[in-house]
Amino acid sequence: YPTWKRTLARRARESQMKRFCRAQAIQRRLEEIEVTFRELEQQGIKVEKLLRDENESSADQLTQWTNQLLYLVQKKNNLMSEESDLMIAVQELKLEEQQCQLDEKLRSYMNKEDTLKTPEDEKAEQEILKQLVEVVNKRNVLIQLQEEKRLSEL
């Protein structure tokens, strides 16, 4: 088993582990965001009830509650934006994994000598190459989407 093949296999495993760890971190953060959403919702309900039952409250108290409600809405919007970024990252990870699998398949066909390739092999190689280009284009679209989102937030 040539050294370069072992190196490629090791690098593939390492990148797969990195993607796996990243996916776990994203999943944990999405769960944290979900919990925070529920907490913010409960706090918002309490503040909204206070504002509606404002019978004998001072103007300062009303202003304070309104500001608190606006703060909660802003925090929720920030979390929604972060959640959106994480969902894009999940899609990117899926596409990255798909790209690695296609790379591996394509490499196996390309390593085969041309004289040993059957017409089916050549057709499969072309199909994999086509799929690989599609995946790369999808990843490019995601990156452009992230960049547009970042620029719009500025």
Side-chain angles (χ1 to χ4, degrees), residues 1-54 57-111 124-154:
Y1 204 63
T3 304
W4 65 271
K5 283 188 178 181
R6 284 194 308 264
T7 302
L8 282 176
R10 187 185 76 245
R11 286 185 183 160
R13 282 191 309 271
E14 288 171 355
S15 66
Q16 187 176 19
M17 276 306 288
K18 284 180 186 176
R19 283 192 302 276
F20 179 72
C21 290
R22 223 171 112 208
Q24 282 185 319
I26 289 170
Q27 185 62 39
R28 274 193 306 275
R29 184 60 188 140
L30 285 171
E31 289 169 2
E32 290 170 3
I33 287 173
E34 187 65 34
V35 169
T36 308
F37 269 148
R38 282 191 289 255
E39 291 171 358
L40 289 174
E41 189 71 30
Q42 292 303 313
Q43 291 174 9
I45 289 170
K46 288 177 185 176
V47 172
E48 197 173 333
K49 281 182 182 178
L50 289 172
L51 280 170
R52 288 187 183 180
D53 299 335
E54 59 172 275
S57 302
S58 68
D60 288 341
Q61 187 67 45
L62 290 175
T63 304
Q64 183 182 2
W65 289 335
T66 304
N67 287 340
Q68 187 176 358
L69 189 61
L70 290 174
Y71 171 77
L72 292 172
V73 169
Q74 181 183 19
K75 201 169 179 180
K76 185 177 178 185
N77 286 341
N78 290 342
L79 285 173
M80 287 177 69
S81 176
E82 183 182 355
E83 183 181 42
S84 170
D85 290 342
L86 291 172
M87 296 308 289
I88 290 172
V90 166
Q91 289 297 318
E92 194 173 351
L93 279 174
K94 286 179 183 177
L95 290 173
E96 197 175 315
E97 178 67 27
Q98 195 176 359
Q99 183 178 349
C100 285
Q101 291 171 354
L102 290 171
D103 277 340
E104 197 173 302
K105 286 181 186 177
L106 185 62
R107 196 174 295 113
S108 70
Y109 281 113
M110 293 180 113
N111 287 337
E125 183 179 342
Q126 290 302 314
E127 183 61 33
I128 290 171
L129 190 58
K130 181 181 166 189
Q131 291 174 356
L132 190 58
V133 169
E134 287 175 10
V135 168
V136 169
N137 286 337
K138 287 177 184 178
R139 285 184 70 191
N140 188 40
V141 167
L142 283 179
I143 291 169
Q144 287 176 345
L145 181 67
Q146 282 178 319
E147 185 62 20
E148 287 173 9
K149 188 173 186 276
R150 185 186 68 79
L151 290 174
S152 71
E153 288 174 354
L154 291 176

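For the single chain, residues carry numbers from 1 onward in sequence order.
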Next item on the list: Please list, chain by chain and in numerical order, all residues satisfying side-chain contact (heavy atoms from CB on, under 4.5 Å) with Tyr109, sequence neighbours excluded.
Entry: Asp121, Ala124, Glu125, Ile128
Note to self: Looking at every heavy atom in both Leu50 and Trp65, which two are closest together, and how far apart are they?
What the structure shows: O-CZ3, 3.4 Å
Checklist line | Residues which pass side-chain contact (heavy atoms from CB on, under 4.5 Å) with Ser152, listed by chain and number, not counting sequence neighbours | finding: none
Note to self: Once side-chain hydrogen bond (donor to acceptor under 3.5 Å, both in side chains) is applied, do any residues pair with Glu82, and if so which ones, sequence neighbours excluded?
What the structure shows: Arg29
Check: Going by heavy atoms in the side chains, are Gln74 and Leu70 under 4.5 Å from each other?
Finding: no
Next item on the list: Can you measure from CD (Gln68) to CD (Gln43) and round to the nearest 0.5 angstrom?
Entry: 7.0 Å
Checklist line | From CG (Asn140) to CG (Leu145), nearest 0.5 Å | finding: 11.5 Å
Check: Hey, are the side chains of Leu8 and Lys5 touching, using non-hydrogen atoms and a 4.5 Å cut-off?
Finding: no
Margin query: Using the side-chain contact (heavy atoms from CB on, under 4.5 Å) criterion, which residues pair with Asn77? Sequence neighbours excluded.
Written below: Val73, Met80
Next item on the list: Can you measure from CD (Glu92) to CD1 (Ile88) and round to the nearest 0.5 angstrom?
Entry: 9.0 Å
Check: Rounded to the nearest 0.5 Å, how far apart are CG of Leu86 and CD of Glu32?
Finding: 10.0 Å
Notebook entry, point to check: What are the two closest heavy atoms between Thr66 and Leu51, and how far apart are they?
Noted result: OG1-CD2, 3.7 Å
Next item on the list: Could you tell me which residues satisfy salt bridge (Lys or Arg N to Asp or Glu O under 4.0 Å) with Arg28, sequence neighbours excluded, listed by chain and number?
Entry: none
Next item on the list: Report yes if the side chains of Asn67 and Thr63 come closer than 4.5 Å at any heavy-atom pair, otherwise no.
Entry: yes
Notebook entry, point to check: Of the non-hydrogen atoms in Leu69 and Gly44, which two are nearest, and what is the gap between them?
Noted result: CD1-O, 3.9 Å
Check: With sequence neighbours left out, what residues match Glu48 under side-chain hydrogen bond (donor to acceptor under 3.5 Å, both in side chains)?
Finding: Arg52
Notebook entry, point to check: Can you check side-chain contact (heavy atoms from CB on, under 4.5 Å) on Val90 and Gln27, steps first, answer last?
Noted result: CA-CA 9 Å; Val90 166; Gln27 185 62 39; over 6 Å; no
Donor-acceptor contacts under 3.5 Å from residues 95-108 side chains, at least two apart:
from, atom 1, to, atom 2, distance (Å)
Glu97, OE1, Arg19, NE, 2.8
Glu97, OE1, Arg19, NH2, 2.7
Glu97, OE2, Gln101, NE2, 3.3
Gln99, OE1, Arg139, NH1, 2.5
Ser108, OG, Lys105, O, 2.6

Notebook entry, point to check: How would you list, by chain and number, every residue that makes a salt bridge (Lys or Arg N to Asp or Glu O under 4.0 Å) with Lys149, sequence neighbours excluded?
Noted result: Asp85, Glu153
Check: Who passes salt bridge (Lys or Arg N to Asp or Glu O under 4.0 Å) against Arg150, sequence neighbours left out?
Finding: Glu147
Check: What residues, two or more places apart in sequence or in another chain, satisfy side-chain contact (heavy atoms from CB on, under 4.5 Å) together with Lys75?
Finding: Leu40, Tyr71
Next item on the list: For residues 8-18, pull every pair meeting salt bridge (Lys or Arg N to Asp or Glu O under 4.0 Å), keeping only residues two or more places apart or in separate chains.
Entry: Arg10-Glu14
Next item on the list: Go through the structure and list residues passing salt bridge (Lys or Arg N to Asp or Glu O under 4.0 Å) with Glu41, not counting sequence neighbours.
Entry: Lys76
Notebook entry, point to check: Can you tell me how far the CD atom of Glu134 sits from the CD atom of Gln131, to the nearest 0.5 Å?
Noted result: 7.0 Å
Item checked: Pairwise distance CG(Leu142) to CG(Leu93) - rounded to 0.5 angstrom -> 10.5 Å
